[in-house]
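Encoded as structure tokens, the structure appears first; notes follow it.
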There are 2 protein chains.
Amino acid sequence: MKRPARQLYYDDLHEHLGYVLRRAQLAGFEAFRQATHGVDISPARYTAMVIVHANPGLTQSALGAALGTARSGAMTMVDWLEDRGLAERRNRPEDARSWGLFLTPRGETQLRDLKRRVRANDARFAGRLAPSELATLRKLLDKLSG
Amino acid sequence: MKRPARQLYYDDLHEHLGYVLRRAQLAGFEAFRQATHGVDISPARYTAMVIVHANPGLTQSALGAALGTARSGAMTMVDWLEDRGLAERRNRPEDARSWGLFLTPRGETQLRDLKRRVRANDARFAGRLAPSELATLRKLLDKLSG
DNA sequence: TATTGTTATACTCTATAACTATA
DNA sequence: TATAGTTATAGAGTATAACAATA
């Protein structure tokens with residue numbers, strides 16, 4: 001038989017907004033993981049697919065800036081997407097230094113499926129709150145991030 | 001002269017609670033970084049110090065569980081704290097397999113200083129919201145994480 | 001000169017698995 | 001047998017710096 005774990009104290013950690021945000025964000029990652037179970041994807045890569053889809057032809061640098069990573073990080077990201085046939089680099093006539101990024105038909109299809117799943121699970125995750133609470137939360141978080 | 005960056009579209013990312021949480025959490029990390037400028041610390045290590053301080057004598061496994069990491073991660077964490085003279089491992093008479101963790105006097109002093117800084121900066125960061133908004137936000141985030 | 005993509009490299013964080021000593 | 005700590009190892013993720021091609 002297992003001894004009951006000793007009671008742990010957290011001092012005033014729950015007063016720290018950063019700590020509370022971090023915990024909520026980890027719960028969000030976990031919800032995403034469940035929503036995308038069985039698909040080889042991550043929050044960052046999902047974000048990348050959404051952004052490429054919404055901005056067809058954008059450059060790697062622009063993608064990196066949108067994701068908040070260095071150019072080399074965007075490079076790795078696009079390699080990953082291209083290796084799986086989800087996105088492709090095309091020549092840009094107006095600037096031979098850079099590529100234009102596009103989702104492939106397969107990438108579009110997968111993104112549609114992922115969006116459906118993520119939306120449904122987001123609703124389930126957010127379902128811990130009443131609709132009015134959720135609207136308030138989104139507003140307050142945006143205000144905090146701005 | 002630099003060309004103006006092309007307008008970027010984010011589709012419905014801002015509808016996704018996980019995405020909004022992630023952005024807010026990154027803003028929180030940045031606030032922490034500013035608050036602790038010049039001190040060699042991180043949010044996770046700060047959390048570890050707070051928990052050791054609040055639970056003197058706890059084991060590494062208990063610390064790992066509190067931090068949400070594997071035992072080997074707690075090991076690395078405690079090594080880091082011990083190397084800098086901030087915490088120490090003491091023998092536990094009641095169980096020779098495990099250590100009891102304690103902050104050193106130096107650790108206590110540094111934690112006091114850090115707490116002051118983090119609290120002040122937390123107030124500044126949270127200051128983007130009205131006090132009533134902040135209370136609402138904390139409540140909603142806790143509800144979401146629970 | 002400046003920018004884009006690329007490559008090499010390194011550092012942090014974290015997870016797994018195997019080992020040891022104690023229980 | 002189960003658990004705590006330890007160690008080795010590997011995999012993400014990310015940052016910096018240097019280089020070639022192009023602007």
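Throughout, protein chains are lettered first and strands after them, A, B, ... in sequence-line order, and every chain is numbered starting at 1. Heavy-atom basis, side chains included; hydrogens, waters and symmetry copies ignored.
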Within 45° cone of Trp80(A) ring axis and under 6.0 Å: Arg45(A) NZ or CZ: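 Positive - Arg45(A) is close enough to the ring of Trp80(A) and near enough to its axis.
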Whole angstroms only, please: what is the [atom1]-[atom2] distance between [X] and [N]?
X: Leu101(A); N: dT4(C); atom1: CG; atom2: P; value: 13 Å
X: Phe29(A); N: dA12(D); atom1: CZ; atom2: P; value: 16 Å
X: Trp99(A); N: dA23(D); atom1: CH2; atom2: P; value: 13 Å
X: Asp40(B); N: dC11(C); atom1: CG; atom2: P; value: 15 Å
X: Arg97(A); N: dT3(C); atom1: CZ; atom2: C1'; value: 4 Å
X: Asp95(B); N: dA23(C); atom1: CG; atom2: P; value: 6 Å
X: Ile41(A); N: dA12(D); atom1: CD1; atom2: P; value: 14 Å
X: Arg92(A); N: dG5(C); atom1: CZ; atom2: P; value: 8 Å

Has Asn91(B) got more than 12 heavy atoms of other residues, nucleotides or ligands less than 6.0 Å from its CG?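 No, because the 6.0 Å sphere around CG of Asn91(B) holds 12 heavy atoms or fewer from other groups.
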Tyr9(A) atom OH, over 12 foreign heavy atoms within 6.0 Å: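 Open: at most 12 neighbouring heavy atoms sit under 6.0 Å from OH of Tyr9(A).
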When you look at Gln110(A) and Arg84(A), which way does the side chain to side chain donor-acceptor pair (under 3.5 Å) test go after all the steps? CA-CA 11 Å; Gln110(A) 177 165 121; Arg84(A) 282 152 190 80; over 6 Å; no
Give a yes or no answer on whether the side chain of Asp122(B) reaches the backbone of Leu17(A) with a donor-acceptor pair at less than 3.5 Å.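 Pair found, side chain donor or acceptor close to backbone of Leu17(A).
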Leu144(A) side, atom CG; Arg128(B) side, atom CZ - distance, nearest 0.5 Å: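 Taking CG in Leu144(A) and CZ in Arg128(B), the distance rounds to 6.0 Å.
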Interatomic distance, Leu101(B) atom CG to Leu81(B) atom CG [nearest 0.5 angstrom]: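 Going from the CG atom of Leu101(B) to the CG atom of Leu81(B) covers 9.0 Å.
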The helix from dT1(C)-dA23(D) to dA23(C)-dT1(D): angle between its terminal axes, five pairs each, to 10°?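 Computed from the C1' atoms at both ends, the axes differ by 0°.
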Measuring centre to centre across the rings, with the benzene-like ring taken for any Trp, is Phe125(A) within less than 6.0 Å of Phe32(A)?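 When the ring centroids of Phe125(A) and Phe32(A) are compared, they turn out to be at least 6.0 Å apart.
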Is any side-chain nitrogen or oxygen of Arg89(B) closer than 4.0 Å to OP1 or OP2 of dG5(D)?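 Checking Arg89(B) against dG5(D): no side-chain N or O falls below 4.0 Å of OP1 or OP2.
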Would Ser98(A) and Arg92(A) count as a side chain to side chain donor-acceptor pair (under 3.5 Å) if you check the C-alpha gap in whole Å, the side-chain angles of each, and the deciding distance to 0.1 Å? CA-CA 7 Å; Ser98(A) 53; Arg92(A) 276 164 40 99; 3.0 Å; yes
Identify, residue by residue, the members of residues 62-85 of chain B with a heavy atom below 4.0 Å from DNA chain D, and return them in order of residue number, or none.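 Arg71(B), Ser72(B), Met75(B) - these, ordered by number, are the residues of the stretch whose heavy atoms sit under 4.0 Å from the strand.
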Report the nucleotide, chosen from dC13(C), dT4(C), dA23(D), that has the shortest atom-to-atom distance to any side-chain atom of Ala96(A).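 Of all the options, the side chain of Ala96(A) is nearest to dA23(D).
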